[in-house]
Amino acid sequence: MNESPVPPYDRTFPVILAGPSGAGKTTVRDALLGGPDADRYRFSVSMTTRDPRPGERPDVDYAFVDRDRFLALVEAGGMLEHAEVHGELYGTPSANLDAARERGAHLLLDIDVQGARQVRAVAPEVVTIFLVPPEAARIVDRLERRGSETPEQLARRLSSARAELEAAPEFDYLIVNDVLDEAIARVRAVVDAEEGRVARSREATSTFASRMIADLDDGRPRW
Ligand code: 5GP
């Protein structure tokens, strides 16, 4: 493909995937990160005080830290957002956003609704996507299938799912994850459309249009 004739500007924006447990956030995110356009995204590895689950890789799935280390980063102003979820601390180190911007990639965040609110406040260019399963039964199934949860933990996760659903109207996009491939295609469509949104690049768009007008007037290309 030819270089875009629009002058350079920061085309990256964070993309938040939120939604209740059972919505398929992890599957959708892994599909994007393993797909043909994987280099458009950089996954935001969160920091958490919860214990790793079997199969989770430190610093790939999460940075697992103790409360002191977590709070020290918050104190130092190094956390873009953080929240307590199911009694544990979760947060996004600000360095994640810087690293994505440097690479020209969209930071892909799998965070809860409290975190989404905080990111919106500090990075208004963010695109927020709320992923939901087609029916409540999937949420319950998913939580029960995980099996590792005690009845108390299960109850806590169900009440978080309620809180997540209540926040759905705050989001930019709602995607129902019934057929997985369709949900993934919709997320890609959202990112494509947002990349082309003129409001993200008014100045660059105007420079581009003025140059094209000048070329039309001159009858020769200038770039
Ligand atoms: P889990 O413990 O099941 O991996 O994640 C529990 C919840 O915490 C999920 O809803 C997940 O999206 C959210 N979460 C994961 N990382 C972060 C983070 O960095 N910040 C916030 N606010 N929530 C997070």
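Ligands are counted one by one from 1 in listed order, and the atoms in each one are counted from 1 as well.
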Minimum-distance protein heavy atom relative to atom 23 (N) of ligand 1: Asp112 N, 3.1 Å

Linked, directly or transitively: Val85 and Leu154 (ILVMFWY side chains, under 4.5 Å): no

Side chains of His106 and Glu194 in contact at under 4.5 Å (non-hydrogen atoms): no

Ion pair check, Arg162 and Glu166, cut-off under 4.0 Å: yes

Under 3.5 Å, which donor-acceptor pairs do the side chains of residues 122-139 form with other protein atoms, sequence neighbours left out?
residue : atom : partner : partner atom : Å
Glu125  : OE2  : Arg101  : NH2          : 2.7
Thr128  : OG1  : Asp172  : N            : 3.0
Thr128  : OG1  : Asp172  : OD2          : 3.1
Arg138  : NH2  : Asp178  : OD1          : 3.3

Cluster overlap Val191 with Leu32, hydrophobic side-chain contacts below 4.5 Å: yes

Whether His86 lies under 4.0 Å from ligand 1, heavy atom: yes

Minimum-distance protein heavy atom relative to atom 10 (O) of ligand 1: Lys25 NZ, 3.2 Å

Contact check, side chains of Asp192 and Arg40, non-hydrogen atoms, under 4.5 Å: yes

Test item, Glu88 contacting ligand 1 (heavy atom, 4.0 angstrom): no

Test item, Arg50 contacting ligand 1 (heavy atom, 4.0 angstrom): yes

Per atom 18 (C) of ligand 1, closest listed option by heavy atom (Ala23, Ser46, Pro93, Pro52): Ser46

Heavy-atom nearest neighbour in the protein, as seen from atom 5 (O) of ligand 1, with distance rounded to 0.1 Å: Tyr62 OH, 3.3 Å

Arg29 and ligand 1 - part of the residue with a heavy-atom distance under 4.0 Å: neither

Nearest-neighbour protein heavy atom for atom 20 (N) of ligand 1, which is reported as residue plus atom name and distance: Glu81 OE2, 2.7 Å

contact_flag Arg157 ligand 1 heavy-atom lt 4.0 Å: yes

Nitrogen or oxygen of Asp110 less than 3.5 angstrom from that of ligand 1: yes

Contacts of Ala100 that satisfy side-chain contact (heavy atoms from CB on, under 4.5 Å) - sequence neighbours left out: Arg42, Leu107

N/O separation below 3.5 Å, Gly91 to ligand 1: yes

